[in-house]
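As the structure is a prediction and not an experimental result, all values here were calculated from the model. So you know, we letter chains A, B, ... as the sequences are listed, proteins then strands, and number each from 1.
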Protein chains: 2
Amino acid sequence: MPKLIDHESKKLDIAHAAWKILLKEGMEGASVRNIAKEAGITLGALRYYFTTQEELLAYTEDLVHANLAERTTELFMADLPPQEKVLKLLAGLLPENGEGDSAPEARLIFKLHSKYSGKAYDRGRDSVYQAVKSVMSNLVMLNLLKKDTDLSLETDRLYGLMDGLALNSMLQGAEGNPEKTRGILETHLKAISKEPSGGQY
Amino acid sequence: MPKLIDHESKKLDIAHAAWKILLKEGMEGASVRNIAKEAGITLGALRYYFTTQEELLAYTEDLVHANLAERTTELFMADLPPQEKVLKLLAGLLPENGEGDSAPEARLIFKLHSKYSGKAYDRGRDSVYQAVKSVMSNLVMLNLLKKDTDLSLETDRLYGLMDGLALNSMLQGAEGNPEKTRGILETHLKAISKEPSGGQY
DNA sequence: ATAAATATGATACAGGTGTATCAAATAAAT
DNA sequence: ATTTATTTGATACACCTGTATCATATTTAT
């Protein structure tokens with residue numbers, strides 16, 4: 001038998017290169033040639049792993065969502081007061097918090113791209129939507145929400161707020177301070193929670 | 001003297017064609033050739049009015065924002081209870097409400113495009129941000145907001161919510177019901193307002 | 001050493017892009 | 001009828017795009 005390179009890990013390398021390009025130049029810069037160059041391989045080699053650009057991008061999007069879902073899971077198991085945990089979790093899903101990879105920004109780029117690229121956006125596959133749903137049902141379980149809360153509506157409201165904050169964080173680069181974004185999230189969480197019978201958040 | 005076509009109104013025609021294209025095919029479809037075809041003129045004629053694609057798009061963006069600002073102004077002067085007026089105003093700035101031109105969607109497309117097209121997004125020129133600011137200071141004037149409200153923070157929160165709702169409305173096409181979006185807005189407005197001493201919204 | 005997987009790099013196709021130029025036709029004003 | 005603004009339509013340039021092919025090399029296992 002011959003070379004036997006780990007096919008899957010090589011695909012991951014390429015997807016990470018695509019990811020990097022997306023953050024630097026957006027979807028418009030994500031040409032197969034640019035990605036190949038970033039990955040340090042040739043067009044032919046890239047084609048060996050991904051037949052189609054669409055296939056590569058879909059793979060990369062899955063990778064990004066897997067990354068975000070992992071963050072969410074980790075934080076869910078952390079040993080923290082519920083309110084603080086929830087706040088940290090949501091804040092971690094917004095851009096400009098971790099500068100390393102910035103999965104949140106990549107996710108947003110994919111989401112924005114979805115409009116004129118075929119089918120409708122499936123929020124069921126959106127790691128942020130899943131996280132928001134988890135957060136909300138968690139708050140329900142712990143009986144932390146106000147009485148007479150419309151869970152579905154409040155889920156959509158928080159989800160909308162998350163997307164809006166993500167978008168505006170992404171668009172204003174360095175100027176947009178993460179502290180203010182965090183403050184907004186905190187305010188929102190307080191607003192949908194029961195009256196404080198002690199310190200919160 | 002010769003032909004003397006109204007230069008400005010012709011530019012408006014072209015910008016409206018660009019607008020239409022943007023809604024149909026997004027920014028990727030907004031090539032000068034496509035726009036010229038939509039406007040029913042030739043490439044050369046288009047070039048007679050706009051030297052550059054960037055110039056044409058900037059002109060179109062201004063047109064869209066002017067349209068939105070006009071809606072806002074009209075509704076501000078309407079004879080309605082403040083809460084209802086505010087709700088109508090904000091809902092009118094989200095996609096899928098008026099199917100005619102859908103300035104809100106066009107605005108969002110421009111906003112999304114701004115990231116990898118040069119400079120940072122200037123929210124000061126965003127008609128929606130201006131509307132949100134107006135709404136908030138209006139609520140302050142009428143003393144309708146909760147005590148100890150952080151005006152700047154609540155403005156950004158509502159602005160974020162508006163963008164998130166707009167984005168999600170745009171992305172789910174027909175499926176996303178405007179009624180739910182309106183319900184979310186209503187809930188949010190109630191949440192930042194004083195306790196009802198009567199009917200609200 | 002041999003065989004198979006992997007990668008190169010070059011070439012090609014067909015199509016799109018923004019910008020540019022320009023002689024010729026068309027239209028409306030004087 | 002003549003002047004001048006407007007528009008046509010065609011051509012061109014230089015560049016980018018995704019996809020495709022393929023002989024040649026490189027690597028790694030047996």
Expressed in angstrom and rounded to an integer, what is the separation of B:Leu46 atom CG from D:dG9 atom C1'? 15 Å
Whole angstroms only, please: what is the CD1-P distance between A:Ile35 and D:dT17? 10 Å
Donor-acceptor pair (no angle test) under 3.5 Å: A:Arg47 side chain, C:dT8 base: no
Without decimals, in angstroms, what is the distance between A:Glu28 CD and C:dG18 C1'? 15 Å
Is the closest side-chain heavy-atom distance between B:Phe50 and B:Leu57 below 4.5 Å? no
Assign each of A:Ser31 and A:Thr51 to its nearest nucleotide of DNA chain D by heavy atoms, then name whichever residue's nucleotide is nearer the 5' end. A:Ser31
Would you mind reading off the distance between A:Tyr48 atom OH and D:dA20 atom P, rounded to a whole angstrom? 17 Å
What nucleic acid atoms does A:Ile41 come within less than 4.0 Å of, heavy atoms only: base, sugar-phosphate, or nothing? sugar-phosphate
Length of the line joining B:Tyr49:OH and D:dT7:C1', which is rounded to integer Å: 8 Å
When the distance from NZ of A:Lys37 to C1' of D:dC16 is rounded to whole Å, what number comes out? 12 Å
Under 3.5 Å, is there a donor on one side chain and an acceptor on the other for A:Asp126 and A:Tyr159? yes
Rounded to whole Å, please give me the gap between CG in A:Leu56 and P in D:dG18. 10 Å
Tell me the interatomic distance from A:Lys10, atom NZ, to D:dT27, atom P, rounded to whole angstroms. 13 Å
Looking at the side chain of A:Thr42, which of C:dT19, D:dA20, C:dT8 is the nearest nucleotide? C:dT8
Closest nucleotide of DNA chain D for A:Gly44 versus for A:Asn34: which of these residues is on the 5' side? A:Asn34
Hey, which of A:Met162, A:Arg123, A:Arg157 is the one that makes side-chain contact (heavy atoms from CB on, under 4.5 Å) with A:Val132? A:Met162
Which of these nucleotides, D:dT8, D:dT19, C:dT8, is closest to any side-chain atom of B:Ala45? D:dT8
According to a strict under-4.0 Å criterion, is B:Thr52 in side-chain N/O contact with OP1 or OP2 of C:dT19? yes
Using the six-membered ring wherever Trp is involved, compare the ring planes of B:His188 and A:His188 and label them parallel, tilted or perpendicular (cut-offs 30° and 60°). parallel
N/O donor-acceptor pair, side chain A:Arg33 with base D:dG18, under 3.5 angstrom: yes
CD (B:Glu25) with more than 12 external heavy atoms under 6.0 Å: yes
